[in-house]
Peer 1: 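Structure provided below as structure tokens; questions to follow.
Residue numbering restarts at 1 for every chain, and letters A, B, ... go by the order of the sequence lines.
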2 protein chains.
Amino acid sequence: MPAGLGCAMAIINANTMTTRPRKPGRGRTRSTPSPWQASRERHRDRELKREAVIRAAAREFNRKGYHNTSLDDIAARLQITKPTVYYYVTSKEQLLFQCFIGGVEQIRAAFRAVEGRRAPARVRLNAVLRHYGEAVASDFGWCMVRAEDQDLSPAMSRHIKALKSEIDHGIRQLIHEGIQDGSIAPCDAKMAAFALAGALNWIAHWYRENQSLTGAQIASAFVAIFEGGLAPRPARRRAKPRAARGTSGA
Amino acid sequence: MPAGLGCAMAIINANTMTTRPRKPGRGRTRSTPSPWQASRERHRDRELKREAVIRAAAREFNRKGYHNTSLDDIAARLQITKPTVYYYVTSKEQLLFQCFIGGVEQIRAAFRAVEGRRAPARVRLNAVLRHYGEAVASDFGWCMVRAEDQDLSPAMSRHIKALKSEIDHGIRQLIHEGIQDGSIAPCDAKMAAFALAGALNWIAHWYRENQSLTGAQIASAFVAIFEGGLAPRPARRRAKPRAARGTSGA
DNA sequence: TAGGATATCTACTCATGAGTATGATGCATG
DNA sequence: CATGCATCATACTCATGAGTAGATATCCTA
């Protein structure tokens, strides 16, 4: 599991590293004079800075797109210079990759969270989808959904595809389970997973422009629509619930 | 209405322009010696080539992404050189813009097609969505959904945003009408439109990898899912069809 | 306090790719 | 046949931006 972006990064902000003289770990190092302690502190400091770099990159990519963002831009945002950025990451490509990981890990965590639950699959699915929506609306959301294979090395591209596939199959699995336990209507699980993920992924495209709702709120609204469906639910009983209506389209 | 990409372009292929000596309009020009006729033919020829350039660009953008595609690539694909491309378009940016227009016009046509219909709004909406899906799965689909504002001049960006907004409001309008005429269950039209468009837009992201289904087939599957909803349709009657279920999500 | 590791900067290299200047070719018209 | 226009190629310019070399400052440890 690469890179522990997540809880730690949620609390730091970009200018952590601008106030460099104020070495935060130093006092503690003095009180516990073990060199290992000091070394560990320094290492933590470095890790925090590295994460700040990645998050700053995510924000810039989000604003201007990957190709329209230069490493000088990212450095300027942190009030440092480009070589310093390269001190923490090996390439621009890796930056994008890490941003992707930062987003996708949130979604994987959502799956793990519902894994042992006894609730009906539809309820578990909804919980996952809500976290999914939050992840897409996060700093890393844009990178996660828009990271293009062509921008990454074959190895990274493969890694990302595997993670995406894992998430996709996780959703399908929940849908299958839901059909089994009766909490989800029989349907094409693959297509349903595509539709759900697509709708949620697309949040990243318009969330910047309109942040009046939180990611969770949007996801909840979507879930309600997905659950209920557009067709009115008739009060009268009906034998075959999902008869394909032959629309007279075009 | 800019650029009539569409039916005309559907029948030409890229190497139209490689067989240049075989001037197709010449014979007709001889039989009708009006200079206007000849001029018109030449103009048409030019327009065809221009559309071939745009379509070739769309295909390359689709394959490698906008920023990873050079104009030399596009030219090479047509077995011509870069200055020739510039003879037909003014800039790379304009190429992307035209590709976008090529896709979005298909969707606008779908709206016009159902405009006068008497059918229930849900039926009309479904027809539009099916065409929407086809457009997204077309050559221009990728450009249409992924054309980033940051890659275009402010003027073009504004134009594109206006067109996108028009489509969005068209969908919302159909949903509203559906709620009015009872063919669509009461819901948040804005959110529903976002969800529908998002799911369909996302087709562009995985359609290249897996073209086992046509765009229309995918759109139909999606429409079925959206209509029916994930929750099973109970045989027993129910008073409030869209009660917000308070999920015990995380 | 010397020496080494850590962290950062200034000042480069170098490839890429958008866009152009200019000339060649061919066709149509007068 | 000369002239003009349309079409296309060769061979450039030039800005941008990824990535690096090497110097410097700072702190930690011995």
Peer 1: If the cut-off is 4.0 Å, is B:Tyr87 near the phosphate of D:dC8, judged by side-chain N/O to OP1 or OP2?
Peer 2: no

Peer 1: Which nucleotide, D:dA18, D:dA21, C:dA18, lies nearest any side-chain atom of A:Pro83?
Peer 2: D:dA21

Peer 1: Grab the CG-P distance between A:Asp72 and C:dC12 for me, whole Å please.
Peer 2: 15 Å

Peer 1: Provide, to the nearest angstrom, the distance between the CG atom belonging to A:Leu48 and the C1' atom belonging to C:dA7.
Peer 2: 15 Å

Peer 1: Which nucleotide sits closest to the side chain of B:Tyr86: D:dC8, C:dG19, C:dT6?
Peer 2: C:dG19

Peer 1: Roughly how many Å is it from CD in A:Gln79 to C1' in C:dC9, rounded to a whole number?
Peer 2: 15 Å

Peer 1: Give the rounded distance in Å between these two atoms: CD of A:Glu60 and C1' of D:dG17.
Peer 2: 15 Å

Peer 1: Taking atom NE2 of A:His131 and atom CD of A:Gln106, what is their separation to the nearest 0.5 Å?
Peer 2: 9.5 Å

Peer 1: So, is B:Arg46 close to the D:dA6 phosphate, meaning a side-chain N or O under 4.0 Å from OP1 or OP2?
Peer 2: no

Peer 1: Measuring from the side chain of A:Thr81 (C-beta onward, heavy atoms only), which nucleotide among C:dC9, D:dA18, C:dG19 has the closest atom?
Peer 2: C:dC9

Peer 1: Using OP1 and OP2 only, check whether a side-chain N or O of A:Lys82 sits under 4.0 Å from C:dA11.
Peer 2: no

Peer 1: Check whether any side-chain heavy atom of A:Phe140 lies under 4.5 Å from a side-chain heavy atom of A:Val104, and answer yes or no.
Peer 2: no

Peer 1: Measuring centre to centre across the rings, with the benzene-like ring taken for any Trp, is A:Trp206 within less than 6.0 Å of B:Phe194?
Peer 2: yes

Peer 1: Taking NZ from A:Lys92 and C1' from D:dT20, how many angstroms apart are they, rounded to a whole number?
Peer 2: 17 Å

Peer 1: Return the nearest nucleotide to the side chain of B:Leu71; candidates are D:dG17, C:dG19, D:dT7.
Peer 2: C:dG19

Peer 1: Whole-Å distance between D:dA6 P and B:Tyr88 OH?
Peer 2: 12 Å

Peer 1: Any side-chain donor paired with an acceptor under 3.5 Å for A:Ser212 and A:Asn210?
Peer 2: yes

Peer 1: Rounded to the nearest angstrom, tell me the gap between atom CD in B:Glu47 and atom P in D:dA6.
Peer 2: 15 Å

Peer 1: Would you please indicate yes or no on a ring centroid separation below 6.0 angstrom for B:His159 and B:Phe97?
Peer 2: yes

Peer 1: Using whole Å, report how far CD1 of A:Ile74 lies from P of D:dG19.
Peer 2: 11 Å

Peer 1: Just call it for A:Thr90: base, sugar-phosphate, or nothing, with non-hydrogen atoms closer than 4.0 Å on any strand.
Peer 2: nothing

